[in-house]
Amino acid sequence: MTDNDENHLIAERRAKLQKLRERGVAFPNDFRRTALAGRLLEEHADASAEVLEGARLKVAVAGRMRAKRIMGKASFINLEDVSGTIQVFLQQATLGEVYEDFRTWDVGDIVAAEGSLFRTRTGELSVRAAGLRLLTKSLRPLPDKWHGVADTELRYRQRYVDLIVNEHSRKVFATRSKIVRQLREMLDARDFLEVETPMLQAIPGGAAARPFKTHHNALDLDMYLRIAPELYLKRLTVGGLERVYEINRNFRNEGVSTQHNPEFTMLELYQAYGDYHDIMQIVEDMFQGIADKLHGSRLIDYQGREYNLSRPFARLTIEQILCASIVDLDGARLRDVAYLRGVCDQMKVPFKSGDGAGKLQIELFERSGEATLIQPTFAYAYPAEVSPLSRSNDADPFLTDRFELFIGGREYANGFSELNDAEDQARRFRQQVERKDAGDEEAMYYDADYIRALEYGMPPAGGLGVGIDRLVMFFTNSASIRDVLLFPHLRPET
RNA sequence: GGGACGGUAGCUCAGCUGGUAGAGCAAGGCCCUUUUAAGGCUUUGGUCCUGGGUUCGAGUCCCAGCCGUCCCA
């Protein structure tokens with residue numbers, strides 16, 4: 001990407017830059033603007049041409065030159081800054097030599113203009129330039145002014161170009177920021193403490209996933225990028241931080257798809273003296289709060305389908321969903337391993353020999369149940385076998401007090417009443433280790449320090465994880481996770 | 001991992017059953033003092049993703065690979 005993609009367009013611009021260098025400071029940084037384009041358009045939306053002419057409002061604006069229309073001794077340019085785009089009117093009569101220089105400037109250059117506001121014949125608010133400066137010479141031509149960047153690969157690899165050219169893209173990332181801010185404001189208002197826990201972990205815990213492995217040289221210690229912050233956040237509840245949350249990156253060494261990026265952003269929170277019912281309400285509040293803030297409505301369109309985020313969301317148990325989504329399923333034999341294996345075979349759902357009834361249920365649920373959960377639905381009562389960190393249900397120890405939120409067949413949140421029984425947790429870890437020894441790479445490690453923490457006593461609590469990227473996809477109507485990640489993972493350029 | 005589709009000028013895209021590589025925008029030159037996808041005239045610009053193969057001849061057909069998009073597991 002250095003010299004081999006040079007072309008005559010770039011060569012011409014380099015020659016222009018060389019001339020600028022010869023004449024002095026080519027990249028000046030002494031211009032200060034007094035106004036933003038978008039603000040000016042807002043503030044003077046109602047000002048008539050006569051009022052503006054009388055007021056003689058002096059402004060200094062700067063931005064990227066996005067359009068250039070030369071008509072002999074007068075020209076118009078569009079300057080775009082972070083807030084919007086304003087037109088600037090240039091005349092040879094007032095600018096003199098600068099006007100002749102300007103003729104050689106290119107679309108894409110960073111330009112500053114000083115002058116007074118006025119309205120053109122067609123009524124567009126513009127700056128009549130009394131002064132004009134080139135602040136940064138752009139050496140590479142921008143993509144087609146009309147079509148923008150259509151090549152998805154270029155949009156992802158050169159996000160800076162995508163952001164220059166595609167307003168929609170800028171808007172998506174602004175919305176992402178708003179969503180995260182909304183979540184923080186909501187949690188801060190409820191006395192949650194935002195914390196940061198290790199990303200480099202000696203024992204990767206808190207989720208069933210393959211980790212990225214790395215090495216600490218000074219300690220000569222293999223370490224892992226975290227797959228979840230869960231066990232550290234729960235240690236904090238042991239320490240008396242009764243409401244904590246973290247919004248940060250997790251890393252999972254798995255496939256890449258429209259739904260998955262190897263590093264992704266997760267919100268996790270833990271609330272002492274609460275259970276999974278309380279957490280479900282928090283989730284409803286989050287989705288409603290974001291919908292209200294962004295759209296002023298709880299009816300959200302995502303990829304051509306309308307979703308109603310009004311509370312309460314539906315609540316169905318895993319077993320209920322299985323019975324509703326698989327025809328002729330015998331609801332009385334849902335914990336019968338032999339029977340479930342038969343169903344799996346019938347539906348061509350693969351399973352492992354060590355899988356118990358709980359795991360088989362979830363395999364079937366993922367195949368048949370998830371896709372049926374269109375409007376927001378909490379699927380709850382997950383089998384303990386697949387929920388090694390969740391509290392067992394008091395009445396039915398086959399189950400845990402755990403839920404996941406589904407919208408449009410897609411998982412958005414995972415929450416549960418936390419397992420704070422150290423001896424039960426130790427037993428669950430040992431079961432995980434057995435699975436790992438049997439070849440399950442996603443099974444968890446035994447984390448002795450975490451057990452020790454629980455042995456000091458962790459208050460009863462509820463916890464939650466929400467995938468921020470998917471949340472942003474939903475609220476920005478984005479089809480691919482790459483559309484909501486500034487720099488999505490791609491193979492290196494060759 | 002399997003399948004479908006795509007990769008041609010800086011960008012957006014055409015290019016038919018194999019026969020000299022095209023347009024618009026951008027860029028260079030000329031004209032133009034209220035345009036806004038400004039306009040008019042004109043010129044330049046190509047590793048047709050890469051490597052093999054078939055053929056008198058390959059952007060086009062075949063094989064392998066690279067990169068990407070989507071779908072499935």
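The shown structure was predicted, so the numbers you read here are calculated from the model rather than taken from an experiment. Per chain, numbering begins at 1; letters A, B, ... match sequence-line order.
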(request) Could you tell me whether the side chain of Arg402(A) and the main chain of Pro383(A) form a donor-acceptor pair under 3.5 Å? (result) no
(message) Can you tell me the base-pairing partner of rG24(B)? Count Watson-Crick or G-U wobble geometry only, both distances below 3.5 Å, and say none if there is no partner.
(response) rC11(B)
(message) Among residues 84-93 of chain A, which ones have heavy-atom contacts with RNA chain B below 4.0 Å?
(response) Gln87(A), Phe89(A), Gln91(A), Ala93(A)
(message) Is it true that Tyr276(A) and Thr400(A) share a donor-acceptor pair across their side chains at a distance under 3.5 Å?
(response) no
(request) Using distance alone, with no hydrogens and no angle criterion, decide if Arg298(A) and Asn308(A) have a side-chain donor and acceptor under 3.5 Å apart. (result) no
(message) Strictly distance-based, threshold 3.5 Å: is any side-chain N or O of Asn261(A) a donor or acceptor partner for the main-chain N or O of Arg482(A)?
(response) no
(request) Searching all strands shown, indicate the nucleotide that pairs with rC48(B) (Watson-Crick or G-U wobble; both distances under 3.5 Å). (result) none
(request) Would you check if the side chain of Lys137(A) reaches a backbone N or O of Lys16(A) as a donor-acceptor pair within less than 3.5 Å? (result) no
Show me the donor-acceptor pairs within less than 3.5 Å that the side chains of residues 23-32 of chain A make with the rest of the protein, sequence neighbours left out.
| residue | atom | partner | partner atom | Å |
| --- | --- | --- | --- | --- |
| Arg23(A) | NH1 | Asp101(A) | OD1 | 3.4 |
| Arg23(A) | NH2 | Asp101(A) | OD2 | 2.8 |
| Asn29(A) | OD1 | Arg32(A) | NH1 | 3.3 |
| Asp30(A) | OD1 | Arg133(A) | NH1 | 3.2 |
| Asp30(A) | OD1 | Arg133(A) | NH2 | 2.9 |
| Arg32(A) | NH2 | Asn29(A) | O | 3.4 |

(message) Using the P atom as the point on both nucleotides, what is the distance between rC16(B) and rC25(B), in whole Å?
(response) 24 Å
(message) Return the pairing partner of rG6(B) with a 3.5 Å limit on both distances, Watson-Crick or G-U wobble; otherwise return none.
(response) rC67(B)
(request) List the steps, then state whether side chain to side chain contact (heavy atoms under 4.5 Å, CB included) holds for Arg13(A) with Ser138(A). (result) CA-CA 7 Å; Arg13(A) 291 181 177 216; Ser138(A) 164; 3.3 Å; yes
(message) Going by purine N1 to pyrimidine N3 plus the second Watson-Crick contact, or the G-U wobble pair, all under 3.5 Å, which nucleotide sits opposite rG1(B)?
(response) rC72(B)
(request) Identify, with sequence neighbours excluded, every residue that meets salt bridge (charged side-chain N to carboxylate O under 4.0 Å, His left out) alongside Glu114(A). (result) none
(request) Can you tell me, in whole Å, how much space there is between the P of rU12(B) and that of rC5(B)? (result) 22 Å
Enumerate all atom pairs, one protein N or O and one N or O from nucleotides 22-25 of chain B, separated by less than 3.5 Å.
| residue | atom | partner | partner atom | Å |
| --- | --- | --- | --- | --- |
| rG24(B) | N2 | Asp144(A) | OD2 | 2.6 |

(request) Would you indicate, yes or no, if rG10(B) has its OP1 or OP2 atom less than 4.0 angstrom from a side-chain nitrogen or oxygen of Arg140(A)? (result) no
(message) Consider side chain to side chain donor-acceptor pair (under 3.5 Å). Of Glu97(A), Glu100(A), Lys73(A), Arg103(A), which one does Gln92(A) pass it with?
(response) Glu100(A)
(message) I'd like the P distance from rC48(B) over to rA21(B), given in whole Å.
(response) 11 Å
(request) Write down the distance separating the P atoms in rA23(B) and rC61(B), rounded off to the nearest Å. (result) 23 Å
(request) Using a cut-off of 6.0 Å, state whether more than 12 heavy atoms not belonging to Glu43(A) lie near its atom CD. (result) yes
(request) Within residues 358-371 of chain A, find the residues that approach RNA chain B with a heavy atom at under 4.0 Å, and present them sorted by residue number. (result) Arg367(A)
(message) Between rA58(B) and rG18(B), how far apart are the two P atoms, rounded to whole Å?
(response) 13 Å
(message) Tell me whether Asp469(A) contacts the main-chain N or O of Thr265(A) through its side chain, where contact means a donor paired with an acceptor under 3.5 Å.
(response) yes
(message) Say we look at rG68(B) and rU50(B): how far apart would their C1' atoms be, to the nearest angstrom?
(response) 15 Å
(request) Using the ring-ring contact (aromatic ring centres under 6.0 Å, His included) rule, collect all pairs that involve residues 46-95 of chain A, keeping only residues at least two apart or in two chains. (result) Phe76(A)-Phe89(A), Phe89(A)-Phe118(A)
(request) Using the C1' atom on both, measure rA26(B) against rA37(B) and round to a whole Å. (result) 12 Å
(request) Could you please name the partner base of rU17(B), counting Watson-Crick and G-U wobble pairs only when both distances are under 3.5 Å? (result) none
(request) Could you measure between the two C1' atoms, the one in rG24(B) and the one in rU20(B), and give it in whole Å? (result) 23 Å
